[in-house]
Amino acid sequence: MPRWLLGGFFLGIAGTTFAIGVPFVNSWFPPAKRGMATGLYGVGMGGTAISAFTTVPLVDAAGDSAPFIVTAIALVLYAVLAWLFMHDAPTWKPSGKSMLSQTLLAMRQKVTWQACYLYALSFGGYVAFSVFLPTMLKNWYGLTTADASFRMAGFVIVAVIMRPLGGTLSDRIGAVRTPLISYVAVALAALMLAFQPALMPLGTIDFIVMAAGLGLGSGAVFALVAQSADPSVVGSVTGFVGAAGGLGGFVPPLVMAAIHAGAAPTPSGSSCR
């Protein structure tokens with residue numbers, strides 16, 4: 001257990017690069033294009049799909065430690081490339097405030113808590129479905145593990161593709177309207193999924209709409225931060241928002257698993273294939 005906790009600690013440090021990257025990207029683009037820029041930057045969440053396709057083959061071919069070794073090598077290579085080729089924008093200026101003052105200032109920003117809530121729903125929902133979708137597909141529709149993982153990867157790819165679109169739409173129609181559109185789509189898809197529709201075609205369409213809505217919303221949230229937060233605290237605000245997204249992705253799978261464990265199995269549960 002201590003080794004897992006230590007590994008999680010260092011992976012968490014690597015994960016904070018996302019919070020660093022948003023203000024870095026913002027500083028290179030004018031406000032009118034920051035939604036598009038942060039949306040493209042957010043495509044990196046497609047790593048979930050890459051891991052879905054590669055982790056099991058890596059373990060089968062080279063052992064349990066192979067995915068961790070590959071990840072460590074990738075992080076070291078990125079660190080070297082970033083050190084050599086990434087530079088701050090000419091207009092960027094460091095904050096003169098202390099870390100505590102900067103954090104308190106970010107907490108006083110109204111957009112911080114608005115974006116935290118929205119990102120917990122959109123990115124948190126994306127993470128939750130990425131984690132729980134294979135289990136759902138196997139239990140509801142009797143799919144094999146391989147087939148369920150493949151469909152989960154498709155879900156992730158749709159969400160990744162829609163994230164830059166969410167940022168671009170935010171530049172064009174506003175960073176408030178875009179999340180509204182995305183959450184309406186997610187709500188309608190979730191309502192339909194509550195009735196456990198047949199996987200083909202209605203269930204598949206529902207999952208695609210859900211993925212598209214969550215990806216669209218994830219891209220729009222950071223466009224909202226880029227457009228609304230004071231540039232001097234964008235990094236701090238992004239840290240809060242990213243943490244909310246991680247928490248939002250952690251809680252729903254636990255709730256869904258508890259509900260599933262407490263529900264009595266029904267003989268007709270596999271009839272909706």
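- Listed by first and then second residue, the side-chain hydrogen bond (donor to acceptor under 3.5 Å, both in side chains) pairs that reach into residues 150-171 are Y119-R163, D147-R151, D171-Q227, sequence neighbours excluded.
- Annotation: side chain of D206 is in contact with side chain of P197 (closest heavy-atom distance under 4.5 Å).
- Taking the six-membered ring for Trp and thresholds of 30 and 60 degrees, Y141 and F207 have ring planes more than 60 degrees apart, a perpendicular arrangement.
- Considering all non-hydrogen atoms of both residues, V209 and A189 come closest at CG1-CB, 4.0 Å.
- A donor-acceptor distance shorter than 3.5 angstrom exists from the side chain of T38 to the backbone of G35, with no hydrogens or angles considered.
- At a threshold of 4.5 Å between non-hydrogen side-chain atoms, the residues M107 and W113 count as touching.
- Smallest separation of non-hydrogen atoms from P164 and L40: CB-CD2, 3.8 Å.
- Looking at heavy atoms from C-beta onward, V221 lies in side-chain contact with S122 at the 4.5 angstrom threshold.
- Between the side chain of T178 and the backbone N or O of A175 there is no donor-acceptor pair closer than 3.5 Å.
- In terms of the side chain to side chain donor-acceptor pair (under 3.5 Å) criterion, residue partners of S101 (sequence neighbours excluded) are, by chain and number, S98.
- Of the possible polar contacts, one joining the Y183 side chain to the L118 backbone as a donor-acceptor pair under 3.5 Å is found.
- Formation of a donor-acceptor pair under 3.5 Å by the W140 side chain with backbone atoms of Q196 is not found in this model.
- Counting only distance, with no hydrogens or angles, the side chain of T204 and the backbone of M200 share no donor-acceptor pair below 3.5 Å.
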